[in-house]
Structures are given as structure tokens and as C-alpha cells.
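Structure record follows, encoded as C-alpha cells.
Remember, it's a predicted structure, so these values are computed and weren't measured experimentally. In the text below, chain A, chain B and the rest are named by the order of the sequence lines, each starting its count at 1.
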Protein chains: 2
Amino acid sequence: MHTLQSYLCGSWQSGQGDPQPLENAVNGETVAQVTSRGLDLAAAVRHAREVGGPALRAMTFEERGKALKSLSAAIHEIREELIDLAAQNGGCTRGDAKFDIDGATGTLAAYAHYAKGLGDKPYLLDGEGSQLGRTARFWGQHVRVPRRGVAVHINAFNFPAWGMMEKAACSLLAGVPVIEKPATSTALVAWRIAQVVVESGVLPEGAFQFLCGSAGDLLDHLGAQDCVAFTGSARTGEIIRGNANLVKHNVRVNIEADSINAAVLAPDVDESSETYGLFLTNVSTDMTQKSGQKCTAVRRIFVPREQADQVAQDLAAELGRISVGDPTERENRMGPVAHSGQLEDVRSGMAQLSEVAKAVTGGLDPHPKGGCFVTPTLFQAQDGSAQVLHDLEVFGPVATLIPYDGSAQEAAALVCRGGGGLVTSVYSNDGDWTAEYVLEVSPWHGRVWIGSDRMAEQALPPGMVLPGLIHGGPGRAGGGEELGAERGLEFYMQRVALQGFKGFLQTHFG
Amino acid sequence: MHTLQSYLCGSWQSGQGDPQPLENAVNGETVAQVTSRGLDLAAAVRHAREVGGPALRAMTFEERGKALKSLSAAIHEIREELIDLAAQNGGCTRGDAKFDIDGATGTLAAYAHYAKGLGDKPYLLDGEGSQLGRTARFWGQHVRVPRRGVAVHINAFNFPAWGMMEKAACSLLAGVPVIEKPATSTALVAWRIAQVVVESGVLPEGAFQFLCGSAGDLLDHLGAQDCVAFTGSARTGEIIRGNANLVKHNVRVNIEADSINAAVLAPDVDESSETYGLFLTNVSTDMTQKSGQKCTAVRRIFVPREQADQVAQDLAAELGRISVGDPTERENRMGPVAHSGQLEDVRSGMAQLSEVAKAVTGGLDPHPKGGCFVTPTLFQAQDGSAQVLHDLEVFGPVATLIPYDGSAQEAAALVCRGGGGLVTSVYSNDGDWTAEYVLEVSPWHGRVWIGSDRMAEQALPPGMVLPGLIHGGPGRAGGGEELGAERGLEFYMQRVALQGFKGFLQTHFG
């Protein structure tokens, strides 16, 4: 059995006391254990600030980009091993594991690519300069510079590879050292990747530290130049954002919480169209990929009232074709949920939904294979009036079909009752209907995905987070923002307005 | 005596119970009174969201810009009346009052100007579009849309006009209705401006509300689409940022707290140069304008050790030329601090500084004119070792001269001990020295002002916040960001990534 260590202050370290077990979701066996108790986290913060930060900042953006490229390659080399580990700890099928691991290497490679345009100066220009005085002699120029602290990344259990490296890619490229803390329950993949990152020697010492286990008092050591990016539940996000030390020192905090994402079928889409097929495929994929444990997964499916029953049948048929079972067997398209705690949460959530909606397929009967398996479940509600439909996230292969009157206004109003989402998808070939809908839902979302016949062949699904587009959302979704190509660096940098003689600014900050 | 009312839900309203008096800082007389107790603030929030927001969003950016221009003109029309009110309540000289009032009308006019480039669509483009699939057919485009909530602005006592209207300008142009809450102690000017804004009829009903007195339970009614921008003390900022309701709903918060701003004289500047004269003038102005009650005022003056005594003498002479007295008498260049509570704070702060530095001019003896008058006071420290020099903001006409070794590194290290600032100024004609200094201090500041011979004739002083440059700073300064031309709108808008067929996006969101 693996005992997972932390990499802090330049060495691999073990905590003390009783370790926490990591579970195999197929059979409940313990596959690894971890504890971080007693580790000197204040020293880790100092190490990042005093050793990692200066070394990273001594590299240019291009050099840091090349390092990301090398990390991408090093992780890709152990892809098969990581796929095995993701099945053992997390219950991932091969497809689920690849989605996570290739997401990590792909995002690193994308940021290596973005780095090429960023030049070799120790700052980035922010917009054009502007004249401040009577002539151009007195000039203003905004620039962004790396902050002088550490980025603490607290990652979610569902994407141990991608979640860690998408945050690390932005921070490291910006020139800010990281302390990565994976979710303990699925830390095995993250730990193996951390080993590869350290062994590769690609990053200067102190730029990458890895805290495996509880975060302990880590947040209490942070100050004005540090930041925290968290992905996980709204409740934990609330605790982090309200942390007295972070509030006191105006530490930057980015929260990416889950949301009650919606897919909307517009009334113009008939069942023979390519758009309708895309809708069925995407919704079914979103519900079952990673066993529905994606922060971007569809939880609510809005369908015009007259089509509701037909769509429910078609979706149920689609879900019925998905074989559920041991993720190491290649014929299975869906594995268990990640661990027994998740199974309990999912079953409790399904019980709540079943009070306001009926199961079209799946339901509360335990899955015949035992373990943490859940049957893909589609609920159907009479209407969207019950607030639980818009509030309760069941983090598993579960969604609810909700009829609406076919108008863009009602669809948008129902979707926005989710209180803020990471992504919403809409399927329509009616441009005016779609534009009206998109404008209404945009203030409540970080991303709006628009499906139509014209893009169906090329479309990447809405549940996939792309490095070039922002990821995050207002309100319930945490109020944060990550990725979005160069936008992802903003969180790690300080924007500063320089004002002075134009010749000086153009020579030294141009 | 004026009894100041609030403008909420379309009517002027009075609170109940014992009013709070507003003071004349020259003689302690009560000039007005106010209470907000019992006002229905939940209704005000709803009014903004349901009446003001839709009406504002029905206007284009250009139309909203024209409204700002009209407000600027309407406020300018009562400039002389406002100057009188600012002397009665706040103790402002004519120059101080103009700085505040012309700042308000100037910022409104500047945002009216920025509006012209923003077009007539209900969104702003954010960057270029990008290809997401194998061909350009599957496309991504980031846009910004106005959030659907209300912007609550809690303003500071020192700039009742500018502070209110610089926040309102950004929010209203973005399409978000405001509730403006002035600091109670100097609310007279803000109240008169609010009257003009309402009477002008320029804004649609619900776009501008005015809460005079305590904020009561206002923050408890805010949700995911709302935001709070606060200017004031670090301590109050901490309470607002930590407010349980704001944390729970991921309400956006922008804090602009005061900071221990520094001016740095580089070793190359000799006493005959234009740069030296600029340094003396600016430091003296910053210390005494608004009686030193500016969040951007200089509190620490770093001078190469060998020049320290000479500079102390020259600055003392400069400060000695400033006549202090009744602000309504035109020969006086400095009035009292704003009210008796401020006087107490200033005197207590001076007592603390006098433990680690000696007074070169001014000091703790009460001012002969009584009231809330304070003699401009320059302290001089032996060195920068005492942390109180970098932590304690004395919000009055008080600063400390601190010697350093002449290196850019030591200057930067001392300046950054302030823990984050709104602005720092540096005076030098040595480009390399300056560039090194600027790069070191930039992560800790929102703005860096660079003085030299080449720009001396045209330079606006560092204490002046310009609408085209960002205002805010990390850490101690609150971690916020305002203004900066179009950047100032970002806080009030949601950035959303749209992905779909390129033709659709270019037609409807291009």
C-alpha cells in the first residue's frame, strides 16, 4: 500500500499520527493512506516566497512556458500508469481518466503556447499607454507584474490531474510559486504527478510544493501578496472566503464551486435534426462521464412542454446503452462514484429529487454490482416550480428534465433560478431566439455553449473546460474565474498604473 | 439647520429616532442632522434591481454616457454653493472643495467621453474571438454584460463629491443602478449633489438612490448579482469583506482602504534641479491639501541619508509658508481636519510617531486657533527600523522623513514594509535606478508616479487620482481596483465566454 508523502521545502515528508485511508470505489479496499499532521506549513509558505518566487521570476515568460511544455511531456509519459491509478482510487474508467490526465497535459501545453506571445520582459503590458498632461510628455501605462507571494491551490476530488495542473499552469506562467493540495480522497493520481514534476527537475526548487492530506493551518500563514484558489463545494468555499486571516490581509481568493448547470432545448429543434442528436449525446455524456462528477455536468434539462415526454424517452434510451461496471474493464463506459461518502450524498440527493420528480430511468434501488455504483438516473418534473430542482446538486449520474413553455424568456428565468452557473448549454437553429436567451442568461454564467446544426460536427461538448475560455461563474458557482488564455494570469499578477515621462516609460516599460 | 433625507424607492424619506449631528470643524457647531433608522432598505434593493436596472440597461452605453455628461454639468452649476457647504461641513478651503467637486464633475465627464467608444450593443467585447475546433466554424468569444443587481457604494468622509461620483460613473455607465451611502460626518455636500442628481431627471428612476445615515442592514439584503464598493478604513473594510451574507452569496466586494504612501527621493537629484523643486512642492501639497486627509497623501518620505537634514529643512520651510485657518478666508491654504473625532485620531497618531521620530516642524502643541486645526507636522526618524512608521496612518497634515542608504533596493524594501499602497512616488533622473525601483515596488502598489526633469512642467501631482488610471492597491490598501477608464466597468459586469457557430456569434455578439 502506498503511503503518500508531501513535497515541502525541498524534500518529501510524512505527517504524524493516524493516517487517513484512500478507498477503491469498486470494492471498498484501502489503496493508500496519508496524513499531513505536524508538517511545518509556515516554512513551506516561506520557502515558496523566498526560494521559489525569486527563481521563477528570474525566468522569462517564454522560459516558464517551456517548463510547462516539459512538464506536459513528462506527465504524458506515465499516462498508462496514471490511468491505472485513477481506476484504483476514484473509480475512473479509461475514458474518465484520460479526460482528466489529457486535460492536465493539454492545458499545460496550451499555456506553453500562450507563453510564446508574452515576451521576455518581467512584466506584461495592460492596454495602450495614454496621454495624461497637456502634451504626450506626461504619460500613463498600465502593466501587470507577478505578485511576490505563494499561490495555494486547494483542488477537488473529481479532477486530481487536470484540477491541479490547470491552476498550476496559470500561476507558474505568471511567475508565482504554488503549493498544491489535492483532495485527500483521490490523492493517488495527484501524488504520482507531483513525483513526476519534482523528479523532472524542470521547475526551480520552491516553485512547486505538494501538500498531501489536510490543509491544517496553511491559510493562517498567508499575507497580502499570496492567493488561494479553491475548487470544491460551496460550503467549503464559504469557509475559505470567510477565513479571518484571509479577510484581514486582503488575500486574493478565487472560488470555483459547483453549480446546477442547465441544458436547454429550444422549440425549433425537431427530432430529425443534427442538433437534436447532439443534444442527446451531450446530455447523456455529461450525466455519465466521470459518473456525473463534473462541476460542469448538466443537472437540469429544460425541454418545451410538448416535447418533454419524447425527449425523456430518447434520453432514457441513450442512458440505457451505457454499461456500468468495473472501470478497468474496457467495455464499461461508466464506473462507480469516487468513494462511499459520495455514494451516500448522491443517494440522499436522489431521495430529495424523487419527492418532486419521477424517475424515468434508474432510481433509488441500489445498483446490483454493489460498491459505489449508481444507475444513471433521469428524473422528470411536472414543472420548474420546486426550488429544490434549482438548488440541489446531486454530484453523480443524475439529472432532471423540466418542461417549459418554449419561450426564451421562461427558459432563461428558470435557468437563472440556479443562482449562478459555470456553464449553460442551449440547442437551437433559431438565431433570434438563441440571441435573446444568451443575453438573458449571460449575467448569471461564466460560459454559454450554443449548439446548432452548423457547428455540430466540430463541437467539443459543453462539459469540457477549454484553456482558452474562462472557467468559473457568479454566485452559487463561487464568483471566480480561471483560465481564458492570458486572462488566467490576471489573478496571480498585480495591475499597476505607471505615470511619468513618456520616453522613460517607453524605454523601460514599453 | 438642514435635516438630510435619503432618496429611496422614488421619494425623499426621513428616518426615525434621534438624529446624528454634522459638525462645523472650525467652531464645533452643528450644521445639519441625519438619521436613517427604520428606512426600508430591502425595498430599496428591490427597487434598484426591478426598476432601475432594467431602465438603465434599456439605454445604450452612449446614452448612459450622455447622462453622465448631463450630471457633470448639473453639478458644476451649483459649484459655488457646494464650495460653501464643504467649508461648513468638512472644514474645506476653497481649493480643497474644488479638488473634490471638480474631481466629481471631471470624472463624470471623463466617463462620458469613454462611453463614446463603447458602442450601442448591450454587451462589450472582451478580446478577440478564437477558433475552438478543427476549423473556424466552432468559435469562442468573450463578452461582458451588465450584472443584474445593485451596486452599493459606501463612501469615505474626505471626498463626499468625488468619492460618490467616481464610483457612480463606472457603475451607471456599466448599466448597474447604485445606492450611494455617504460618510455621515460630511454628508452635507453629498446630499446636495444627490438632490441635484434626482432633480435633474437625467437618470431613469431607480438608477440612483441615496442613503443618508447608517447603512443599517443594507448588506444583508444583497445577493449574487449585487456588489459593494467601499472606501474607508482598513478595519471597516475587514468587517464588510467578512460580512456573512456577502461571503455566503459570493457578493463582489471592492475595498479601497488607506495606505502608508511613500515618496522617494533618489540620490541623483541635486537641490538645484527642477525635480527637487517638484519633490518639495508635491510632498508639501500632499501633506496639507484636504488637511492631509487624502487616501493618496504621502505619509513616509524616503531621502538618501546624506541629504536628509537638508531636505527636512527645505520641507519645513515649504510647510511653514502654508497659512492655516478658517477655510472660508481665501488667504488660508489649509483648514481644520474634518471633525473632532478626526482631530483626536490625528493627535493620538502624532503621539505614537513622536516616540520614534522627532518633529522638525509642527508637533503636538494644540493649534492656537482651536477647533479642529492641526499644525502641518514633519517628523524625522533616525532610520526606518520602527514598524510603526510603516503601519500607522495619521490621517492629517503629518508625515515622517526617513533616511535610507541611497540604493533602489533599500528604498523599495522600506516602501514595501507599508504592506500595500495606493500610490508611491519617486523622483529621479536616473533611468536605470528608477526602473529597478519601479519593478520592485510594483507588486505592492496600484499606481507608481515617476517624477523627473523631463515631465516636471506638465506633471499632475501623485495625490491626484485620474479617471484613466486605476485607483486601488493590494494588501493594506484594500486589495481593490477602481477607475482606469474602461477597466472601471469590469467590477460591475460579468465576463462570459460564448462558444458556438462562428457565424452566429459574429452576427449577434460581434
Quiz prompt | Engaged part of A:L466 at the chain B interface, taking heavy atoms whose separation is under 4.5 Å | solution = side chain
Practice problem: With a 4.5 Å cut-off on heavy-atom pairs, point out which of A:R495, A:R134, A:R137, A:K248 contacts chain B the most. | Solution: A:R495
Quiz prompt | A:N250 side-chain N/O to A:A224 backbone N/O, donor-acceptor pair under 3.5 Å | solution = no
Practice problem: Among the options B:G451, B:P462, B:A459, B:G223, pick out the one with the most heavy-atom pairs lying under 4.5 Å from chain A. | Solution: B:A459
Quiz item: Picking from A:A234, A:P122, A:S442, A:G419, which has the most non-hydrogen pairs under 4.5 angstrom with chain B?
Solution: A:S442
Quiz item: Pick from B:T434, B:I239, B:D453, B:I255: which one has the most heavy-atom pairs with chain A under 4.5 Å?
Solution: B:T434
Quiz item: Any donor and acceptor pair, going by atom type alone, linking the side chain of B:D268 with main-chain N or O of B:S428 inside 3.5 Å?
Solution: no
Self-check item: Proximity breakdown for A:H249 and chain B, heavy-atom pairs closer than 4.5 Å
Solution: backbone
Quiz prompt | Best-contacting candidate, B:V143, B:V423, B:T135, against chain A by heavy atom pairs under 4.5 angstrom | solution = B:T135
Quiz prompt | Whether over 12 other heavy atoms sit under 6.0 Å from A:E457 CD | solution = no
Practice problem: Kindly say whether B:G478 contributes a backbone atom to a donor-acceptor pair with the side chain of B:R241 at under 3.5 angstrom? | Solution: yes
Self-check item: Sole candidate of B:Q141, B:H142, B:R144 that passes side-chain hydrogen bond (donor to acceptor under 3.5 Å, both in side chains) when paired with B:D126
Solution: B:R144
Quiz item: So, A:Y492 side chain and A:C227 main chain: donor-acceptor pair closer than 3.5 Å or not?
Solution: no
Practice problem: Answer with side chain, backbone, both or neither: which region of A:E481 has an atom nearer than 4.5 Å to a non-hydrogen atom of chain B? | Solution: side chain
Quiz item: What residue, out of A:M493, A:R454, A:E238, has the most heavy-atom pairs lying under 4.5 Å from chain B?
Solution: A:R454
Quiz item: With chain A, which of B:M455, B:Q458, B:R447 has the greatest number of heavy-atom pairs at distances under 4.5 Å?
Solution: B:Q458
Self-check item: Among the listed options A:G503, A:G500, A:G446, the residue most often paired with chain B at heavy-atom distances under 4.5 Å
Solution: A:G446
Exercise. Considering only heavy atoms and a distance below 4.5 Å, find which of B:L469, B:V145, B:D432 pairs most often with chain A.
Key: B:L469
Quiz prompt | Side chain / backbone / both / neither for A:S452 at chain B, heavy atoms under 4.5 Å | solution = side chain
Practice problem: Select one option (side chain, backbone, both, neither) describing which atoms of A:S425 are under 4.5 Å from chain B's heavy atoms. | Solution: neither
Quiz item: Highest number of heavy-atom pairs under 4.5 Å with chain B: which of A:T507, A:I470, A:V251, A:V426?
Solution: A:I470
Quiz item: How long is the gap from CG on A:L460 to CG on A:N282, to the nearest 0.5 Å?
Solution: 10.0 Å
Practice problem: Enter the distance from A:H445:NE2 to A:T424:OG1 here, rounded to the nearest 0.5 Å. | Solution: 4.5 Å
Quiz prompt | Under 4.5 Å from any heavy atom of chain A - which part of B:L246 | solution = neither
Quiz item: Salt bridge or not for A:E490 and A:R487, using N-O below 4.0 Å?
Solution: no
Practice problem: Please determine, by modelled atom types, if A:S273 and A:Y427 share a side-chain donor-acceptor pair under 3.5 angstrom. | Solution: no
Practice problem: Would you mind telling me which of B:G237, B:G431, B:A257 has the largest number of heavy-atom pairs within less than 4.5 Å of chain A? | Solution: B:G431
Quiz item: Roughly how far apart are B:N243 CG and B:L219 CG, rounded to 0.5 Å?
Solution: 5.0 Å
Quiz prompt | Leading residue by heavy atom contact count with chain B [cutoff under 4.5 Å; candidates A:W139, A:F509, A:W449] | solution = A:W449
Exercise. Measure A:W444 against the heavy atoms of chain B and call it side chain, backbone, both or neither at under 4.5 Å.
Key: both
Exercise. Examine whether an atom of A:Q131 lies under 4.5 Å from a heavy atom of chain B, and if so say whether it belongs to the side chain, the backbone or both; otherwise answer neither.
Key: neither
Quiz item: Aromatic rings A:H508 and A:F504: how do their planes relate, parallel, tilted or perpendicular, breaks at 30° and 60°?
Solution: tilted
Quiz item: Under 3.5 Å, side chain of A:R476 to main-chain N/O of A:D391, donor-acceptor pair present?
Solution: yes
Quiz item: What part of A:Q494 is in contact with chain B, defined as an atom under 4.5 angstrom from a non-hydrogen atom: side chain, backbone, both or neither?
Solution: side chain
